Each structure stands twice: as C-alpha cells, then as structure tokens.
Amino acid sequence: MTDTTTPLIPTLDAIEKARVTIAGVARVTPMETSQFLGELLGSPVHLKCENLQRTGAYKVRGAYNRLSTLTPEQRVAGVVAASAGNHAQGVALAARELGIPATIFTPVGVALPKLQATRHYGAEVVLRGHSVEEALSAAKDFATRTGAVFIPPFDHPAVIAGQGTLGLEILDQVPDVDTVVVPIGGGGVIAGIALAVKGMAERLGRPIRVIGVQAENAAAYPTSLEAGEPVTVSTKPTIADGIAVARPGDLNFPIIRDLVDDIVTVSDDDVARALLVLLERAKLVVEPAGAVGVAAIMSGAVHDTGRTVVLLSGGNIDPLMMERVITRGLVAASRYIGIRIMLPDRPGQLARVSQVISDAGANVVEVLHTRHGQGLVINEVALDLSIEARGPEHAQEVIHRLREVGFRPELLEH
C-alpha cells in the first residue's frame, strides 16, 4: 500500500532522533581534505565520503529511518520499492536489518553489480520494464495488490529526516563550515541536509550556505523554481544517471525553494573530469552522480564562499561504465586526443609521424591507416592516431611539432 498520511516537513528534532535510530546501521563516514580542490576554489575543501557508506551510498539512512516507523502489521506485509541502483540497495539492507520482507522492482537493463548487491541483501528482485518509470508503476501496482508498503526514494518526511543526519555529521566533523555542496536528483538528501544545516546555523547564530548541483541534462529544479512549483522536464541521457530525475519531489521542493541558496548545473564532461581527479588525487571511487559537487568546483560553477564541504553521495559505479567515464575524462582533460593526418602513400611516412610524436614526449596508443574512405585521392592515405598527452598544453605542442615538419593534423572527436 502507499502512504496516505499528510506529508510534514521534518523538524531539526526529527533529524536528531533519526540519527539515534540509524546509529546501529549507517556508518559515520570519513571527512577528507582536498588540497587540489582547495587551491582551485581559494578556500579549504573537504569531501564527505558517503561513497564509503554501507551499500555504497547515503540511501540506507533514509530507508532505515522510514522502515523503522512501520507498525508491526506493516512489517509483516513487507515493503516494496522501485530503483535502478542505490535506493534499491538501501531499502534491501534496511529491510534485512529490521526483519522485513522486501521486494524491489528494477528495469531489465539494471547494472549487474547493483542487481547482485540488492539480492545479496536479501530482497526479492523483480525485473520489470526498460525504465525506472515502468518499474515504479509495477511497484505501486504490487503495493496495491499485496498490501506491501511502498517506500519512495526521496519524497517522504522520514526519508528526508534520515538523509538529514548527514548534515549533523558534517557539522560535527567540520564545525566551521561555511558552504555545503550537495548533488540533487529528486531532492531528498539536499532537503534533509538543508533542514539540518540551516537549523543548526540558526542555533549557532551564523550563516551556512547550501548549494545544490544537478546534471545539465536532467535539471528539473531550475525550471521548477522559476515556475514556482514542481515541473516535469524532458531529460536527456547523462552519465550522472543516479540524479536523472524528471520532476522534483512534492515535499522536497518547498524545502529546497526556501532553504537552498543556489542551484548550479554541470556537463557530462565536467563530471568525467571530476571522477578522474577523485581517482588520481583523492584515491576515491565515486559514481558520476556522486561527483557533481566536485565537478561544480572544477568548472567554476561554485565560487569561493569560505570553507566548503562537498558531499560524495555514492560510489556504486559499474566497472564497464568506469572504463568509459575514465576515457571521457582523459579526453575532456586533453590527455587523450585523436588526430587525423593525410599522407602521401609511400614508404616511411608512418615512421616519420611516429618519430615526431615520440620526440614531443607523447605516446601513440592506437593507429588506423587506410587507403579507403571519402575525400581520399589516389596515392593518399588517412592516418588516424589516438595519442596520450599530459594535458592541453602538451597536446598543442604535439600538434605544433607535426605542423612544423609539414604535416597537417586535424583533431578528431572521440
């Protein structure tokens, strides 16, 4: 069954009670310092590593807090949820810890690691449809038929209060924080953090800013805030699929409207660069949706507003997706470039090109040498090269060296 109680905005007291409720299940995750991001921003930057939370994301906080409020009769009936990722695992673990039967509907194409993890936590997983919307519809039908309690991913006061425990932890770990940067999908975690942080800021008698970050291909909040109410937007594919939500939550929207100071967006290239930095500089594995706060700092969307905490909201990234994202990050950072050179079809030309690139300190990782293709004339070949460089300046140096000796390289889109 679905929850028909009147939604209420959680109080700071409710969030503090939620912290006690979830204490035996959710970890107090580490707070790391990033010198690299601090130098970029101009103020100290800390990373709240919720990617190291149980199930690999913050979702277990809200799920466990919500499930803990169920009556004995509701617990016997069980719970049902729909998700392609972190919410599924959070509900599954919370249900296992509380001894509640759980059924999770996921799209047919769900990533294998997420599917296996959800089953490992003891939930019954039902593959249904090819989108989260189809899985969601099936989950609600299941709730109606069986009496199971539907657990929403973000639009419920107990879920928001559970996610808000992150705000209390942030203030415990960085008491002098000035700004908190949080990813936004439907708005559950930023609503909870904003309630906690703004409530504590009022007690402390000082301001604390909260900034939300959305993927530009799935940014429902800017449009909704402009309209003054939740609006459904058309989303485009994004690597930050964990926050690709087309419509703000009804309960989350007014909280964010009233308490969040700013909302910015980032591109997929921004996110890919951020993931690469987190891997190389911080040694942290973070999923694309969890890295949008770092992307906002690196892209300049977030400006210096004092000591800043960035929430890394999750770390559940499929290894195959990670491979693609890393490659995209290398391309976006000009550390992996593609060039095409038209050459006369005679011996030794490939060797000459390779020598110039080697002398410039770059490395060729892939070569396509062909006499066939549109635009080629007789006795001409096309040479497509994938090259590892050290960044934009080095990439330009390689191209300059090639032009100096008479070649005409053209940059290719990867």
Side-chain angles (χ1 to χ4, degrees), residues 27-53 56-58 166 169-170 173-174 176-183 211 213 215 238-240 242-243 264-337 361-363 365 387-396 414:
R27 297 173 179 148
V28 176
T29 47
M31 183 75 73
E32 300 291 340
T33 301
S34 173
Q35 183 176 347
F36 174 76
L37 293 174
E39 291 173 355
L40 278 180
L41 186 64
S43 289
V45 174
H46 306 268
L47 304 174
K48 177 59 171 167
C49 300
E50 203 66 2
N51 58 311
L52 303 179
Q53 182 59 263
Y58 69 90
L166 267 166
E169 284 184 24
I170 287 169
Q173 294 170 314
V174 187
D176 55 346
V177 62
D178 296 301
T179 302
V180 182
V181 182
V182 186
I211 298 175
V213 186
T238 172
I239 60 174
I243 54 172
V264 301
T265 63
V266 291
S267 70
D268 277 7
D269 280 349
D270 294 333
V271 176
R273 281 190 289 263
L275 282 174
L276 198 60
V277 163
L278 286 165
L279 278 170
E280 291 186 327
R281 302 282 185 138
K283 315 306 177 191
L284 291 169
V285 175
V286 182
E287 64 189 81
V292 294
V294 172
I297 289 177
M298 292 179 59
S299 68
V302 169
H303 304 289
D304 184 3
T305 50
R307 187 175 296 274
T308 299
V309 171
V310 180
L311 173 64
L312 306 180
S313 57
N316 292 318
I317 181 169
D318 183 276
L320 294 175
M321 170 62 79
M322 179 180 285
E323 181 183 21
R324 294 197 295 270
V325 171
I326 289 173
T327 299
R328 181 163 187 154
L330 289 170
V331 171
S334 294
R335 291 171 54 188
Y336 189 86
I337 62 170
N363 184 43
V365 294
I387 299 171
E388 290 178 338
R390 294 189 296 272
E393 292 182 359
H394 187 217
Q396 288 301 316
H414 276 276

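For clarity, every value in this text was computed on a predicted model and none was experimentally measured.
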From the options Val180, Asp178, Leu41, select the one residue that forms a side chain to side chain contact (heavy atoms under 4.5 Å, CB included) with Thr308.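 With Thr308 as partner, side chain to side chain contact (heavy atoms under 4.5 Å, CB included) holds for just one option, Leu41.
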Derivation and outcome, side chain to side chain contact (heavy atoms under 4.5 Å, CB included), residues Leu276 and Ile326: CA-CA 6 Å; Leu276 198 60; Ile326 289 173; 3.9 Å; yes
Spacing of [X] atom [atom1] and [Y] atom [atom2] [to the nearest 0.5 Å]:
| X | Y | atom1 | atom2 | answer |
| --- | --- | --- | --- | --- |
| Glu39 | Ser34 | CD | OG | 8.5 Å |
| His394 | Ser334 | NE2 | OG | 12.0 Å |
| Arg335 | Leu330 | CZ | CG | 5.5 Å |
| Arg273 | Leu278 | CZ | CG | 13.5 Å |
| Arg390 | Asn363 | CZ | CG | 11.5 Å |

[X] side-chain N/O to [Y] backbone N/O, donor-acceptor pair under 3.5 Å:
| X | Y | result |
| --- | --- | --- |
| Arg27 | Leu52 | yes |
| Thr179 | Thr305 | yes |
| Asn316 | Asp318 | no |
| Asn51 | Val285 | yes |

Grab the two heavy atoms, one from [X] and one from [Y], that are nearest each other, plus how far apart they are.
| X | Y | value |
| --- | --- | --- |
| Val325 | Ala272 | O-CB, 3.8 Å |
| Glu32 | Cys49 | CG-SG, 3.6 Å |
| Ala362 | Ile387 | CB-CG2, 3.7 Å |

Student check: side-chain heavy atoms of [X] and [Y] closer than 4.5 Å:
| X | Y | result |
| --- | --- | --- |
| Leu37 | Val310 | no |
| Tyr58 | Thr29 | no |
| Pro183 | Leu311 | yes |
| Val286 | Leu275 | yes |

Kindly list each side-chain donor-acceptor pair under 3.5 angstrom involving residues 289-298, sequence neighbours excluded, with atom names and distances?
none

Does any pair with a residue in residues 289-299 pass salt bridge (Lys or Arg N to Asp or Glu O under 4.0 Å), and if so which ones, sequence neighbours excluded?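 For residues 289-299, and leaving out neighbouring residues, there are no salt bridge (Lys or Arg N to Asp or Glu O under 4.0 Å) pairs at all.
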Where do Val309 and Met31 land on the side chain to side chain contact (heavy atoms under 4.5 Å, CB included) test, with the steps shown first? CA-CA 9 Å; Val309 171; Met31 183 75 73; 3.9 Å; yes
So Leu312 and Glu50, side chain to side chain contact (heavy atoms under 4.5 Å, CB included) or not? Walk me through it. CA-CA 6 Å; Leu312 306 180; Glu50 203 66 2; 5.8 Å; no
Asp269: which residues meet the salt bridge (Lys or Arg N to Asp or Glu O under 4.0 Å) condition with it, sequence neighbours left out?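 For Asp269 the salt bridge (Lys or Arg N to Asp or Glu O under 4.0 Å) partners, ignoring immediate neighbours, are Arg328.
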Residues Lys48, Gln173; criterion side chain to side chain contact (heavy atoms under 4.5 Å, CB included); working and verdict: CA-CA 9 Å; Lys48 177 59 171 167; Gln173 294 170 314; 2.9 Å; yes
